[in-house]
Amino acid sequence: MSLPRPVPVLRPALEKDVAALQDLARRTIDARYRSFLGDEGVDWFIDSGASDDHIESHFREGRLHCLEEGEDLVGLLIAEESTVDLLMIDVARQRQGLGKLLLTKAEQLLFAAYEEIRLETFASNVAAVAFYEACGWSSTGRLEAEGPERLEFRRHRESAGAS
């Protein structure tokens, strides 16, 4: 008989967590982003160090959080002002309800300070678009920017309390 898993906890990342969270991000990007960013885009983002730099810079600014289950880091969150900048679950732990849990915890964190919160995702990331819509987020449309097309999603504090 296996023991129940510990309840996941969202907490600010510590310096000792950064390398593991960078690795989690690289693995997740490598496994899940190729279908919409292509091999060249993913390889560049990982091999150039841009992925690691993104995690490190947000850690230094106090914006990096980790989802910890027992001794395991299973997800990460970067929250910048009213924006969910990055939300990832370790590729080995996806499809277990942790993404919804992490998004709910991100909403609680941001709604404590903001009436409306936002996030962006790649328009061609069909799984993410469906996930955010299923979690009650509303797309406000496509963003004008260089690179792959992105969608913006917003959520108001009062609509979050109703779901």
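Numbers here are sequence positions counted from 1.
- S139 and L151 make their closest contact through OG-CD2, 4.3 Å (heavy atoms, listed as atom of the first residue, atom of the second, distance).
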Run the salt bridge (charged side-chain N to carboxylate O under 4.0 Å, His left out) check on R118 and E120 step by step: do they pass? CA-CA 7 Å; R118 64 178 296 280; E120 299 174 14; 2.6 Å; yes
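- Under the 4.5 Å side-chain criterion, counting only non-hydrogen atoms from C-beta, T121 is in contact with V129.
- Defined by atom type and a distance below 3.5 Å, a donor-acceptor pair is missing between the side-chain atoms of E152 and W137.
- In the hydrophobic clustering, where aliphatic and aromatic side chains (Ile, Leu, Val, Met, Phe, Trp, Tyr) are joined below 4.5 Å either directly or transitively, L14 stands alone.
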Step by step, work out the side-chain contact (heavy atoms from CB on, under 4.5 Å) result for D85 and H58. CA-CA 10 Å; D85 178 79; H58 284 284; 3.8 Å; yes
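- Considering CZ of R63 and CD of E61, their distance stands at 4.0 Å, rounded to 0.5 Å.
- For D39, the salt bridge (charged side-chain N to carboxylate O under 4.0 Å, His left out) criterion is met by R34, not counting sequence neighbours.
- Counting heavy atoms from C-beta on, the side chains of E116 and R155 never come closer than 4.5 Å.
- Annotation for L10 and L67: closest pair N-CD1, 4.0 Å, computed over non-hydrogen atoms.
- Hydrophobic side-chain contacts under 4.5 Å tie L86 into a cluster, directly or through other members, with V18, L21, L24, I29, Y33, F36, L37, V42, W44, F45, I46, I55, F59, L64, L73, L76, I78, M88, F122.
- Between H65 and L109 there is a side-chain heavy-atom pair separated by less than 4.5 Å.
- Residue pairs that meet the salt bridge (Lys or Arg N to Asp or Glu O under 4.0 Å) test with at least one member in residues 10-23, sequence neighbours left out, are R11-D17, R11-E68, D23-R26, D23-R27.
- Listed by first then second residue, pairs satisfying salt bridge (Lys or Arg N to Asp or Glu O under 4.0 Å) with a partner in residues 124-144 read R142-E149, not counting sequence neighbours.
- Taken to the nearest 0.5 Å, the CZ atom of R32 stands 4.5 Å off from the CD atom of Q94.
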In a table with atom names and distances, give each donor-acceptor pair under 3.5 Å that connects a side chain of residues 96-103 to protein atoms at least two apart or in another chain.
residue : atom : partner : partner atom : Å
Q96     : OE1  : R93     : NE           : 2.9
Q96     : OE1  : R93     : NH2          : 3.1

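- Scanning all heavy atoms of the two residues, the minimum distance from P8 to E69 falls at CG-OE2, 3.8 Å.
- Shortest non-hydrogen contact noted between C66 and P12 is SG-O, 4.4 Å.
- Here the shortest heavy-atom pairing between L110 and A79 reads CD2-CB, 3.9 Å.
- Using a distance-only test at 3.5 Å, with no hydrogens or angles considered, a donor-acceptor pair links the side chain of S57 to the main chain of H54.
- Counting heavy atoms from C-beta on, the side chains of L77 and V84 come closer than 4.5 Å.
- Within the model, atoms CZ of R154 and OH of Y132 stand 15.0 Å from one another, a figure rounded to the nearest 0.5 Å.
- Linking ILVMFWY residues whenever their side-chain heavy atoms come closer than 4.5 Å, directly or via other members, leaves V126 and F131 in distinct clusters.
- The structure places OG1 of T28 at 5.5 Å from CG of D90, a figure rounded to the nearest 0.5 Å.
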